[in-house]
Amino acid sequence: MTNRLSRFQAIVLGLVVLLLAGAGTAGLLAIAAKQGYGRESFTVVVGYPEVHDIVPGTPVRIRGIEAGQVVALDYPDGEGPILVRMQLDVKFRDKLFGDAKAQIQPTGLLGSKIINIQPGSVSSGPFLGESLTPIPTPDLVGLAAEGEKTLFEIREMVGDVRSALRKVDGVVETEAGQVRGLVKDGRATIQSVKENSEAVSRLPIVRSYVVNATALLDRPDCRHEVMTYNALDLFEPDTAILTESGRVHLNAVANWVKSQPNAKTEAVVVAAYESPSLAQTDSQIEQLTRKQAEIALAYLKSQGAHKMGWWSRRTMTSLGLGSNGSPIAAAEKLPANSLQVFVFTPQ
């Protein structure tokens, strides 16, 4: 037996169907309007050496206002720039001028990008054609590298002053009165350089690259374990080039670090000379141990030592101590050139 709708029920059902159809149509029209369909538009082009995370559909803004989107990327046949084609709402054509520029900018916390157009100045005349001038994306890594280079130069200055002071100390035995003044001046120089170094290390971009050895290794509130190797068992002599046997040793270290159960554990890779080498200056030793620690840390990460799950990561830091030795006293005498891996667990 079939139940038939009453006249009133049929009318209500028809109205519901019409409302749903109207809502669906309005949604499609809104999406089409958002994508620029059905609107009059014009095309502009800008060339970049690299276009990380820029894809068709990437938003384009003029002075922060949504104006269009990227529609295509044209890869050059040779070494020329990658051409980014953008479709803008026609109402913005009169808002652009002859010296208009475009820059790729990050937005949000997930690393997404937009293209922001600076419309230019009225004095440059109206915008003709379709080409915009590109603005280079800020290279924070390059700025940090420059800061690190400056710090390394300062460390070399400190090393030279220390060498000078060692020579002065030998003269003190016979020229005590005169040399005291020189020593005082030398120490004042070291203090001045140290203050300048600390000032540079506090710069916003540089400070994340500066490592405080004592703060990293002297942790009274942590339990620590350590694995120690002679650097000659890991690297080619006086280099930071890993050998095959060195990779085997570091594989064992990676497995040891990954086996730590506490999610709050941190690992510090330390390379150091116990005593200065006669064949190398202090700055050369510091540079060598820093690179050895960095290479060892990079290899451990390549083996997944920093991973603690799908998303969480263990903090791991490299530290080259040069001829200063380890701030943590070893239970036995270390090799002249050693590499240690510390694991710290908060208590």
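Here R314 contributes atom CZ and K301 contributes atom NZ; the two are 11.5 Å apart, rounded to the nearest 0.5 Å. From F235, atom CZ reaches atom CG of L288 across 8.5 Å, with rounding to the nearest 0.5 Å. For the atom pair F344 CZ and D221 CG, the distance stands at 10.0 Å (nearest 0.5 Å).
Other residues, nucleotides and ligands place more than 12 heavy atoms under 6.0 Å from the NZ atom of K258.
Scanning all heavy atoms of the two residues, the minimum distance from S131 to F127 falls at O-CE1, 3.5 Å. Nearest heavy atoms, S124 versus F97: OG-CB, 3.6 Å. Contact between A293 and G320 at its shortest, heavy atoms only, is CB-N, 4.3 Å. When every heavy atom of P59 is checked against every heavy atom of E66, the shortest pair comes out as CB-OE2, 3.2 Å. Nearest heavy atom pair, residue L300 against residue L250, reads CD2-O, 3.4 Å. When every heavy atom of V45 is checked against every heavy atom of R85, the shortest pair comes out as CG2-NH1, 3.2 Å.
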Residue pair R219, E266: steps toward the salt bridge (charged side-chain N to carboxylate O under 4.0 Å, His left out) verdict: CA-CA 11 Å; R219 303 189 184 188; E266 296 183 19; 3.1 Å; yes
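H306 is linked by a ring pair (Phe, Tyr, Trp, His ring centres under 6.0 Å) to nothing, counting only residues two or more places apart in sequence or in another chain.
Note on R290 versus E294: salt bridge recorded, some NZ/NE/NH1/NH2 to OD/OE distance being below 4.0 Å.
A donor-acceptor distance shorter than 3.5 angstrom exists from the side chain of Q284 to the backbone of T281, with no hydrogens or angles considered. Side-chain N or O atoms of T289 include one that pairs as donor or acceptor with a backbone N or O of I285 at under 3.5 Å.
Each of T43, I115, V71 was compared with M86 under the side chain to side chain contact (heavy atoms under 4.5 Å, CB included) criterion, and only I115 meets it.
Side chains of Q260 and T265: no donor on one and acceptor on the other come within 3.5 Å. Counted by atom type alone, D99 and T133 present zero donor-acceptor pairs between their side chains at under 3.5 Å.
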Contacts under 3.5 angstrom, residues 237-244 side chains, donor-acceptor by atom type, not counting sequence neighbours:
| from | atom 1 | to | atom 2 | distance (Å) |
| --- | --- | --- | --- | --- |
| T239 | OG1 | E236 | O | 2.8 |
| T239 | OG1 | I241 | N | 3.2 |
| T243 | OG1 | L234 | O | 3.2 |
| T243 | OG1 | S245 | OG | 3.1 |
| T243 | OG1 | G246 | N | 3.0 |
| E244 | OE2 | R247 | NH1 | 3.3 |

